[in-house]
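Below: the structure, in C-alpha cells.
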Amino acid sequence: MIRGGKIDAAILGAMQVSATGDIANWMIPGKMVKGMGGAMDLVHGAKRVIVLMEHVAKDGSKKILNECDLPYTGRAVVERIITDLCVLDVTPEGLRLVELAPDVTLDEVREKTEPEILS
C-alpha cells in the first residue's frame, strides 16, 4: 500500500522538522535504536505528510529548526506541522502560521521556533 503510492496521508511524530519540510524521527545519537522502521517508506510513499509533535523538547530545545541536526528520515516531505502551540504549513516561502492554540501568542511561537514564521 505504502510503496505503491496508495496512501493519501501519513501522520507521524518527529524529533525535528526543518523550515523546508525535512523530517528527522528515527534516531537520537547515543541511544540504542532498532532501525528506522517504516518511517522512510511512509514519508516517501504517502501523498501528504503531516507531523504531530510537541513544539519544544523536554529540555526546552527547539524542535522546529532551520536545518535538522539529527539523521534525516526524509527531505522536503512534510506539508503540515501540528504542535501543542500551533499549526504550521510548510510552503515555498517558509513556515506559514495556520492556527494558534488557545491562550498561545504568535510571539511565544516565534520565540520557540528557529525559522521565521509567516503570518
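Bear in mind that the values here come from a model prediction, so they are computed numbers and not experimental data.
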- Message: Pair Glu108, Leu85 - check side-chain contact (heavy atoms from CB on, under 4.5 Å), show working.
- Response: CA-CA 9 Å; Glu108 179 183 358; Leu85 301 181; 4.0 Å; yes
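- Val98 forms part of a hydrophobic cluster together with Ile11, Ile50, Leu52, Ile82, Val87, judged by ILVMFWY side-chain heavy-atom separations under 4.5 Å.
- Two residues are said to be in side-chain contact when any heavy atoms from C-beta on lie closer than 4.5 Å; Met53 and Ile81 meet this criterion.
- A heavy-atom distance below 4.5 Å is not found between the side chains of Ile23 and Cys68.
- Glu79 places none of its side-chain heavy atoms less than 4.5 Å from the side chain of Val49.
- Applying the side chain to side chain donor-acceptor pair (under 3.5 Å) criterion to Lys63, with sequence neighbours excluded, gives no partner residue.
- By the 4.5 Å heavy-atom criterion applied to side chains, Arg48 and Asp8 are not counted as neighbours.
- Through direct or indirect side-chain contacts shorter than 4.5 Å among Ile, Leu, Val, Met, Phe, Trp and Tyr, Leu118 is connected to no other residue.
- Looking at every heavy atom in both residues, Ala24 comes nearest to Pro71 through CB-O, 3.3 Å.
- Put simply, the side chain of Gln16 gets close to the backbone of Leu70: a donor and an acceptor are under 3.5 Å apart.
- Between the side chain of Thr73 and the backbone N or O of Asn25, at least one donor-acceptor pair lies under 3.5 Å.
- Within 6.0 Å of the CD atom in Glu67, the count of heavy atoms belonging to other residues, nucleotides or ligands exceeds 12.
- A heavy-atom distance below 4.5 Å is found between the side chains of His55 and Val109.
- In this structure, Glu114 and Leu65 have side chains that are in contact, with non-hydrogen atoms separated by less than 4.5 Å.
- Cluster membership for Leu95 and Val56, using ILVMFWY side-chain heavy atoms within less than 4.5 angstrom, is not shared.
- With 3.5 Å as the limit, one finds no donor-acceptor pair spanning the side chains of Asp89 and Thr91.
- When the side chains of ILVMFWY residues are joined at heavy-atom separations under 4.5 Å, either directly or via intervening members, Tyr72 and Val77 end up in two distinct hydrophobic clusters.
- The two residues Ala14 and Val17 have their closest heavy-atom pair at CB-CG2, 3.9 Å.
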- Assess whether side-chain contact (heavy atoms from CB on, under 4.5 Å) is satisfied between Cys86 and Leu97, documenting all intermediate values. CA-CA 7 Å; Cys86 67; Leu97 179 69; 3.8 Å; yes
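- Residues Thr105 and Leu100 form no side-chain contact, since every pair of their non-hydrogen atoms from C-beta on lies 4.5 Å or further apart.
- The distance from the CD atom of Glu54 to the CE atom of Met15 is 13.5 Å, given to the nearest 0.5 Å.
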- Message: Applying side chain to side chain donor-acceptor pair (under 3.5 Å) to Thr20 and Asp22, what does each step give before you reach the verdict?
- Response: CA-CA 6 Å; Thr20 56; Asp22 304 330; 3.3 Å; yes
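- Looking only at side-chain heavy atoms (C-beta outward), Ile64 and Pro115 come within less than 4.5 Å of each other.
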